[in-house]
J.: 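Structure in structure tokens, see below.
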Amino acid sequence: MTTQDARPSNAPGHGLDAGRAEAFLADFATMSAFGATGNGGVDRQAATPADIEQRRWLQSLLEQHGLRVEYDRIGNQFGLLELVPGAPYVVVGSHMDSQPTAGRYDGAYGVLAATHAIVRIAEELRETGELPQHNLAVVNWFNEEGSRFVPSMMGSSVYTGLMPLEAALAVTDHDGVSVQQALEPTGFLGDGDGPVAACCAEIHIEQGRLLEDSGTTIGLVTASWAASKYVVTVEGEQSHSGATVMPDRRDALLGASMLVVFARELADRFPGVLHTAVGQLDVYPNSPVVVASRVRLLLDLRCADEAVLAEANELLAAEIARIEERASVRLELERSHEWGINPYQPEGVALARSIAEQLGYPHDEILTVAGHDSINMKEIVPTVMLFVPSIQGISHNEGEETRDDDALAGLDVLTGVVRQLAMGGLGASTR
Ligand code: GLV
Ligand code: MN
Ligand code: MN
């Protein structure tokens with residue numbers, strides 16, 4: 001990465017005035033208390049009490065600032081500022097749900113930054129009397145993480161028409177509770193489709209360390225890595241772990257373990273291009289003195305090259321047959337979620353670059369390896385995605401951290417981008 005450092009070396013780490021900076025950091029601290037864990041992180045899986053409480057807090061924050069809060073049929077939370085009756089919206093935000101024992105920044109930073117950006121733009125418009133071309137909406141997408149309800153990016157997938165509503169509402173968690181059942185008592189299930197979008201912006205922590213390593217403050221996201229995610233079921237036969245003779249065993253956990261190891265070997269064949277992991281393993285009956293009869297696991301492949309991902313998927317299919325043979329088990333693979341390397345609209349990247357340049361922040365282009373709701377949104381409207389640095393690239397971990405100056409610099413750039421988008425900076429294509 002090359003870095004263009006336009007900011008004078010004696011400039012503060014961000015260009016916001018002290019009042020706005022303090023207000024953002026104070027709200028960020030309040031927000032981080034929802035689902036706080038012992039080690040500085042959070043646990044706010046979708047539609048759990050911590051996520052619900054936090055959404056209620058966001059609703060009151062949005063309402064205090066004069067935004068009207070609305071929920072769509074999959075529980076996406078919108079804070080609407082209608083300045084031009086009937087005009088479509090610049091939809092700005094991210095997600096506030098988290099992984100278990102996760103960090104404070106992933107997603108939540110982007111929703112709060114969207115809120116502060118929109119509130120500031122509204123104040124400025126009121127002062128100048130200018131009329132924007134589009135209305136403004138903060139969004140807190142439902143279940144981006146997909147940790148409680150698979151797949152990830154669920155709310156934005158339904159909003160963009162990439163996942164049928166009924167299928168999303170029917171997804172169940174580990175205890176058999178469906179999305180519909182989890183959301184119904186909260187009052188977060190609306191009866192509409194949400195605001196009509198003209199364009200979209202999202203800011204997020206990088207979750208890697210390219211920005212930090214290169215001394216870059218603002219990442220201009222040009223495209224996403226591709227992904228294939230699988231739900232795998234390994235079927236064996238329950239038996240006595242001591243008494244059953246070894247040749248008679250059909251050990252589902254052995255088959256699952258072979259797949260876990262193979263996933264790592266697969267990534268090692270394509271260093272730097274393919275990332276793989278098994279992130280969840282449910283073993284049945286998971287009991288002492290019992291050979292497991294069934295394992296369900298989630299396998300995740302991320303790739304910087306679609307041809308390599310296709311090859312990796314083929315190698316995986318071939319390995320399945322070998323594992324079935326060697327462990328005397330049956331494996332069933334269902335591809336639960338998939339996306340390609342689709343670029344963000346170049347005119348959005350150019351717009352973000354010009355704002356970062358004007359404001360004097362070191363910036364550069366970057367790819368996103370993690371999934372984001374903006375990956376869905378860019379399929380339907382022009383979308384700008386920004387990153388700020390993650391300290392040491394730590395993420396999905398309670399130790400996830402971003403420097404205050406970087407978080408505030410990101411808010412500054414996001415505000416500039418959303419201001420331009422509101423004025424029609426990327427035209428007016430609508431969902
Ligand atoms: C979601 O955050 C993902 O990367 O899949
Ligand atoms: Mn996220
Ligand atoms: Mn995440």
Side-chain angles (χ1 to χ4, degrees), residues 14 16-17 19-35 42 44 51-72 75-83 89-98 104-126 132 134-142 144 155-156 159 188 194-195 197 199-205 355 372-374 377 383-386 388 402 404 406-422:
H14 64 87
L16 292 178
D17 71 47
R20 290 194 190 281
E22 265 170 43
F24 179 82
L25 295 175
D27 277 346
F28 190 79
T30 305
M31 182 178 78
S32 303
F34 293 99
V42 296
R44 295 189 294 246
D51 183 41
I52 293 165
E53 259 185 76
Q54 190 186 38
R55 287 172 142 238
R56 295 208 199 289
W57 171 80
L58 179 67
Q59 172 158 354
S60 66
L61 182 74
L62 293 165
E63 287 172 348
Q64 273 165 37
H65 287 291
L67 282 75
R68 184 168 58 80
V69 174
E70 188 179 291
Y71 298 87
D72 69 7
N76 293 317
Q77 183 180 31
F78 298 97
L80 304 176
L81 192 69
E82 193 171 18
L83 302 164
Y89 285 77
V90 184
V91 176
V92 193
S94 190
H95 62 95
M96 279 179 150
D97 69 310
S98 84
R104 291 170 292 150
Y105 291 84
D106 180 353
Y109 162 65
V111 178
L112 192 65
T115 305
H116 280 247
I118 285 180
V119 166
R120 175 172 166 191
I121 294 165
E123 282 171 18
E124 291 168 356
L125 290 173
R126 238 173 272 131
H134 304 310
N135 291 310
L136 294 166
V138 174
V139 62
N140 172 19
W141 297 110
F142 175 67
E144 190 277 346
S156 57
Y159 177 88
F188 299 148
C199 49
C200 172
E202 177 168 1
I203 192 163
H204 203 280
I205 54 165
I355 301 290
H372 298 291
D373 298 298
S374 71
M377 287 299 283
T383 295
V384 178
M385 179 87 205
L386 301 168
V388 290
T402 286
D404 285 351
D406 290 337
L408 294 165
L411 169 59
D412 202 11
V413 175
L414 180 72
T415 308
V417 167
V418 174
R419 193 187 287 114
Q420 289 289 313
L421 293 177

J.: For a quick test of reading the model, state the closest non-hydrogen atom pair linking L421 to A201 and the distance between them.
T.: CD1-CB, 4.0 Å
J.: Run the side-chain hydrogen bond (donor to acceptor under 3.5 Å, both in side chains) test against D106 and tell me which residues pass, sequence neighbours left out.
T.: H95, H204, Q207, H396
J.: Could you tell me whether the side chain of D51 reaches within less than 4.5 Å of the side chain of R55, counting heavy atoms only?
T.: yes
J.: Name all residues meeting the salt bridge (charged side-chain N to carboxylate O under 4.0 Å, His left out) criterion together with E63; count only those two or more places apart in sequence or in a different chain, and write none if there are none.
T.: none
J.: List for me each residue that meets salt bridge (charged side-chain N to carboxylate O under 4.0 Å, His left out) alongside D406, sequence neighbours excluded, and say none if there are none.
T.: R403
J.: Going by the angle between their ring planes, with limits at 30° and 60°, are Y105 and Y109 parallel, tilted or perpendicular?
T.: tilted
J.: Hey, are the side chains of I52 and F188 touching, using non-hydrogen atoms and a 4.5 Å cut-off?
T.: yes
J.: Can you tell me how far CG of L411 sits from CD1 of I203, rounded to the nearest 0.5 angstrom?
T.: 7.5 Å
J.: On a heavy-atom basis, which atom in Y89 and which in A137 lie closest, and how many Å separate them?
T.: CD2-CB, 3.7 Å
J.: Is any side-chain heavy atom of W141 closer than 4.5 Å to one of H372?
T.: no
J.: Who passes side-chain hydrogen bond (donor to acceptor under 3.5 Å, both in side chains) against S374, sequence neighbours left out?
T.: Y344
J.: Hey, are the side chains of V90 and H134 touching, using non-hydrogen atoms and a 4.5 Å cut-off?
T.: yes
J.: Would you check if L80 and N135 make a side-chain contact, meaning some heavy-atom pair closer than 4.5 Å?
T.: no
J.: Rounded to the nearest 0.5 Å, what's the gap from CG on L414 to CZ on R419? Could you check?
T.: 10.5 Å
J.: Kindly compute the distance separating CD (E70) from CG (N76), expressed to the nearest 0.5 Å.
T.: 11.0 Å
J.: Hey, does R56 have a side-chain heavy atom less than 4.5 Å from the side chain of F34?
T.: no
J.: Considering all heavy atoms of both residues, which atom of S32 and which atom of V42 are nearest to each other, and what is their separation?
T.: O-CG1, 3.6 Å
J.: Quick one: does L112's side chain get under 4.5 Å of L61's, heavy atoms only?
T.: yes
J.: Can you tell me how far the CH2 atom of W57 sits from the OG1 atom of T30, to the nearest 0.5 Å?
T.: 6.0 Å
J.: Which pairs count as side-chain hydrogen bond (donor to acceptor under 3.5 Å, both in side chains) when at least one residue sits in residues 111-123, sequence neighbours excluded?
T.: R20-E123, D27-H116, R120-E124
J.: For N140 and Q77, indicate whether the former's side chain and the latter's backbone hold a donor-acceptor pair under 3.5 Å.
T.: no
J.: Closest heavy-atom contact between L83 and P132?
T.: CD1-CG, 3.8 Å
J.: I need the single residue from L81, V111, V91 that forms a side chain to side chain contact (heavy atoms under 4.5 Å, CB included) with V138. Which is it?
T.: V111
J.: How many angstroms lie between atom CZ of F78 and atom CZ of R68, to the nearest 0.5 angstrom?
T.: 11.5 Å
J.: Using every non-hydrogen atom in the two residues, find where G35 and R44 come nearest and quote the distance to one decimal.
T.: CA-CG, 4.2 Å
J.: Once salt bridge (charged side-chain N to carboxylate O under 4.0 Å, His left out) is applied, do any residues pair with R126, and if so which ones, sequence neighbours excluded?
T.: none
J.: How many angstroms lie between atom CG of L136 and atom CG of L125, to the nearest 0.5 angstrom?
T.: 7.5 Å
J.: Would you confirm whether S94, through its side chain, and E202, through its main-chain N or O, come within 3.5 Å as a donor-acceptor pair?
T.: no
J.: Check whether any side-chain heavy atom of L408 lies under 4.5 Å from a side-chain heavy atom of L25, and answer yes or no.
T.: yes
